Amino acid sequence: MKKNNIYIIIAALVGLGLGYLFFGSSTTSTSEDGNKHTHATADELWTCSMHPQILKNEPGDCPICGMELIPASGENDSTATNQFKMTENAMALANIQTSIVGNSTVGNSVVKLSGKIKPNEDKTYTQSAHFNGRIEKLYIKSLGETVQKGQPIAVVYSPELVSAQQELITASKMQNSQPKLYEAVKNKFINWMIPEKEINDIINSGKAKSRFTIYAHISGVITSLDVSEGGHMMDGKPIFQTADLQTVWAVFDAYEKQIPILKVGQEINITSNSYPNKILTENITYIDPILNTETRTVEIRTVLNNKDNLLKPGMFVEGEIANTDKTIGSQLNIPTSSVMWTGKRSVVYVKQAGETPVFEMREIEIGANNGTSYTVISGLKNGEEIVTNGTFTVDAAAQLQGKPSMMKP
């Protein structure tokens, strides 16, 4: 909302200036008494710089805002509905600059992809609870902690285990006469992931323990912690999740037009913002068979060695893939200054070929923001000329001439 208010204020100020610039002052004549009088030709129309929908056959005030009306364009306008003309002088005074849309890479020999570092999901592990209990002590407190296999994780009180121990002690005394019963009761503790040493301690002491220690089943970095000290854990529910960050995924989004050049096993050169001078060359290991219908992209990924722990999940990376087919995978990149973006619509102004500057408002679909440029998905063609500086001024000129604009499609 604030952006729209600022835009309206800017448009109003620019509109006042352009009104005078584009249309000039009214035609005047000097009578015999030396006074100047304004004359309006019979077919001349008058409009409001703030409300170009107002058109009158004579000068006066705008019925909406009360501003003085200015002459509307008196040219024989043969342009299309979404096109309008500007003079060379007006363009020069407003510092309106244009440039020709070109491919993002020279000769289209390289296709660039943007992506992120993510944990290797093939190396993630979820440790779940195998019995119900209350967590008396929790040794891991936050995400990002590193745990080692066999490390104590928590101390738990479980009434379920207390009663089961009595059964185990009784069965152990009958193991000679009832060996199968003894093995069945003992296997229950093994399935609960109770260490063999603790089971033997219970049998040898003949006393039930009120507290049990849970140990980590695998080494890794904690990526999810689902319990808290003093809370309860439930059989089958996760306690925490770990990821082995010795290897990570580099995940990229590729547009529809780039899909034909992508193949599993293809080399990709990867750089990151954190280490711009370090280039990692790997092979594509996966291409998503399903297209994302919202972004019109497919996900591709590769596995990166991360034994030095330099690559952190969430880092932005850029990939480059050699394009052997010059007719496929080309991208159009345009400066961010050329795009008028409302959140839902992205608009540029295209300059038509010819001696007189004629501009056309064009709605386009944009992709990744590369810092100073946007990737164009659709709406523009290679070789077209667009406004790259003074876009708001051109949009204000369109409003003054009653043409469709960003704020008034």
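From a predicted model like this one, the values you see are computed outputs, not experimental measurements.
- Nearest heavy atoms, Glu282 versus Leu304: CG-CD2, 3.3 Å.
- Between Lys351 and Glu384 there is no salt bridge, since no side-chain N of the basic residue sits under 4.0 Å from a carboxylate O of the acidic one.
- Listed here is the closest heavy atom pair of Leu380 and Val101: CD1-CG2, 4.2 Å.
- Between Glu196 and Lys186 a salt bridge is recorded (basic side-chain N to carboxylate O distance below 4.0 Å).
- Around the OH atom of Tyr275, the shell of radius 6.0 Å holds more than 12 heavy atoms that belong to other residues, nucleotides or ligands.
- Salt bridge status for Glu58 with Lys56: absent, with no side-chain N to carboxylate O gap under 4.0 Å.
- Using a 4.0 Å cut-off between a side-chain N of Lys or Arg and a carboxylate O of Asp or Glu, Arg134 and Glu136 qualify as a salt bridge.
- Closest of all the heavy-atom pairs between Val147 and Ile218 is CG2-O, 4.0 Å.
- With 3.5 Å as the limit, one finds no donor-acceptor pair spanning the side chains of Thr297 and Asn292.
- Annotation for Leu143: atom CG counts as buried by contact number, over 12 foreign heavy atoms lying within 6.0 Å.
- In summary, the side chains of Ser163 and Gln166 do not present any donor paired with an acceptor at a separation below 3.5 Å, with no hydrogens or angles considered.
- Between Trp192 and Phe131, the ring planes are perpendicular. Angles over 60° get that label, and only those under 30° would be called parallel.
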Inset, instruction - Go through the steps for Glu318 and Thr271 under the test side chain to side chain donor-acceptor pair (under 3.5 Å), then give the verdict. - result: CA-CA 5 Å; Glu318 186 176 83; Thr271 56; 4.6 Å; no

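- Around atom NZ of Lys209, more than 12 heavy atoms belonging to other residues, nucleotides or ligands sit under 6.0 Å away.
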Inset, instruction - Step by step, work out the side chain to side chain donor-acceptor pair (under 3.5 Å) result for Glu145 and Ser142. - result: CA-CA 6 Å; Glu145 288 188 43; Ser142 61; 3.3 Å; yes

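- Using a 3.5 Å distance cut-off with no hydrogens or angles, the side chains of Gln97 and Thr388 do not pair a donor with an acceptor.
- No side-chain donor from either of Asn306 and Thr247 sits under 3.5 Å from a side-chain acceptor of the other.
- Judged by a 6.0 Å distance limit and a 45° cone about the ring axis, Lys141 is not positioned over the six-membered ring of Tyr139.
- Residues Val348 and Ile334 approach most closely at CG1-CD1, 4.1 Å, considering heavy atoms.
- Ser210 and Val162 get closest at one heavy-atom pair: CA-CG2, 4.3 Å.
- Note that the CD1 atom of Ile100 and the OG1 atom of Thr98 stand 7.5 Å from one another [nearest 0.5 Å].
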Legend entry - side-chain contact (heavy atoms from CB on, under 4.5 Å) evaluation trace for Lys263 with Ile284: CA-CA 7 Å; Lys263 296 178 179 60; Ile284 296 175; over 6 Å; no

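- One distance of note links NZ of Lys112 with CD1 of Ile321; it measures 13.0 Å at 0.5 Å rounding.
- In plain terms, the two heavy atoms of Leu138 and Ala154 that are nearest each other are CD1-CB, 3.9 Å.
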